[in-house]
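Got a structure for you, written out below as structure tokens; questions coming shortly.
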Number of protein chains: 2
Amino acid sequence: MSAAGRTSTRDIARAAVRAELGQVAFELFRREGFEKVTLDDLAAAAGVSRSTFLRYFGTKEDAVLSAFDAKGERVADALRTRPADEDDWTALRCALDTAIEPYHQDPDGSLAMTRLVRDTPALCARQLEKQHGWRPALARALAERAGFAEPPALGHWVRASAALDCLNVAVDHWTDSDGRLDLVSLLDEAFAALAPR
Amino acid sequence: MSAAGRTSTRDIARAAVRAELGQVAFELFRREGFEKVTLDDLAAAAGVSRSTFLRYFGTKEDAVLSAFDAKGERVADALRTRPADEDDWTALRCALDTAIEPYHQDPDGSLAMTRLVRDTPALCARQLEKQHGWRPALARALAERAGFAEPPALGHWVRASAALDCLNVAVDHWTDSDGRLDLVSLLDEAFAALAPR
DNA sequence: GGCTAGCGTGACACTCAGTTTCAATTGAAG
DNA sequence: CTTCAATTGAAACTGAGTGTCACGCTAGCC
């Protein structure tokens, strides 16, 4: 969308270019390794200038990780649509179905992406940072569900964080199994591991 | 320690210089802001060359965060000394007392440090990354306690991660209260928030 | 159908973090 | 005192990210 809010022809073109650049970057990173590839390499491979590349993605990491940006909000939205009388854990678990959808849509691509991120410290760190940024929205969504006004309570923060850990642990194990294990079961198992006192 | 294992005069000097450099960096960052301060500024303020500064701390972030490096191992060690029949949550909660000790030793310094880190995206990210690196040791310690041989089960990873979240949430709230709330109570409360199904 | 204002782009210069190399110095051990 | 290894500082280099500016294309307007 442009600043005015209307989706123009230009915005569509921009999104297409962005997707294309991201794809080129992903393939180059996979083939050569993230740190071997310079911004100049990326720009050359994509047929644009270094300046342009950096205008689409503020950093090298974001060329690959910008796909994650919307995820946090989507999970928070899913959380808000859960029935009000549902307990936090069930609501969180169900909201995370939103987050694992892509892994079912495109298992091979997701596997490759997860591996690339896991094997690249810079990407790993940046992804951690992004996920950390999801927590306020999740905690706020939990607080709203509880009927509280704004400031989420300590418990909401803890449960939001723990749920994200479950997601990460489940995805890690799924990746270690080369995508053979069932991600839904792993996620259930992760949540279950939180329960026993 | 030098490579041989013996602690020599040089090693003592090194440690002293390292502590001094860290202190200078911390004060400069607090006064001017992390990103305003360049490596040249740091070196000049500490009276050493840029090269030397970078030899002591591989990155600008580590000048302030290298204090955290040992923490993960210390918590894992504390975990291993807990009675074998204790449940994971109790053991984790008690092991984390090791981690919050510095906050009682030097509340003002800890408060300043926590704020600096929280308000500086680069430091926040780097700290997150370091903490992420603690999880393997914690998960392994839990697995050992359970009598299992090496590969920690999914549940161990989940509980190790959740415990670290509790620590972080507790410290965040403690910081927000300007250190007025009791960190031990906050940590207890955080762990309690994990329980209710 | 031209005109123009604005956006996307490329070129370039710049700052700064981090790496590497090398020569000079220091200080501990024999 | 001499020798040898470790510490340091100087300097050159790579690469990420920022800022500026001028050019060209295109959408919208008369």
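Side-chain atoms are counted along with the backbone in the values below, which use heavy atoms only and exclude waters and symmetry mates. Here the structure is a predicted model, which means the values were calculated and not measured.
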Hits for side-chain hydrogen bond (donor to acceptor under 3.5 Å, both in side chains) against Asp40(B), two or more places apart or cross-chain, chain-then-number order -> none
Residue pair Arg14(B)/Arg50(B) against DNA chain D: nearer the 5' end by closest nucleotide is Arg14(B)
Residue set satisfying side-chain hydrogen bond (donor to acceptor under 3.5 Å, both in side chains) with Arg31(A), at least two apart, ordered chain then number -> none
Applying side chain to side chain contact (heavy atoms under 4.5 Å, CB included) to Pro107(B) and not counting sequence neighbours gives Trp174(B)
Between CD1 of Ile12(A) and P of dG8(C) the distance, given in whole Å, is 14 Å
Q.
Quick test of your reading of the model: are Asp87(A) and Arg159(A) salt-bridged, counting only N-O distances below 4.0 Å?
A. no
Under 3.5 Å, N/O pairs linking protein and nucleotides 21-26 of chain D:
none

Arg126(B) CZ to dA17(C) C1', in whole Å, measures 14 Å
Sorted by chain and residue number, the side chain to side chain contact (heavy atoms under 4.5 Å, CB included) partners of Ala190(B) (sequence neighbours excluded) come out as Leu154(A), Val158(A), Cys166(B)
Residues passing the ring pair (Phe, Tyr, Trp, His ring centres under 6.0 Å) test with Phe57(A), sequence neighbours excluded, are Phe53(A)
Regarding the side chain of Val48(A), the nearest nucleotide among dT19(C), dG10(C), dG17(D) is dG10(C)
Whole-Å distance, Glu61(B) CD to dC16(C) P, equals 15 Å
From CZ of Phe53(A) across to P of dA16(D) the rounded distance in Å is 11 Å
Against the side chain of Leu54(A), the closest entry in dA17(C), dG17(D), dG10(C) is dG17(D)
Contacts satisfying ring pair (Phe, Tyr, Trp, His ring centres under 6.0 Å) that involve residues 104-125 of chain A (not counting sequence neighbours) are none
Q.
Taking Asp178(A) first and then Arg115(A), would you say they form a salt bridge - that is, a charged N and a carboxylate O separated by under 4.0 Å?
A. yes
Note: contacts of residues 20-47 of chain A with DNA chain D (heavy atom, under 4.0 Å) are Val37(A), Thr38(A), Leu39(A)
query = Are any of Tyr56(B)'s side-chain N or O atoms less than 4.0 Å away from OP1 or OP2 of dT7(D)?
reply = no
Check: With distance as the sole criterion, do the side chain of Ser49(A) and the base of dA11(C) form a donor-acceptor contact below 3.5 Å?
Finding: no
In short, ring pair (Phe, Tyr, Trp, His ring centres under 6.0 Å) pairs touching residues 17-44 of chain B with sequence neighbours left out are Phe29(B)-Phe34(B)
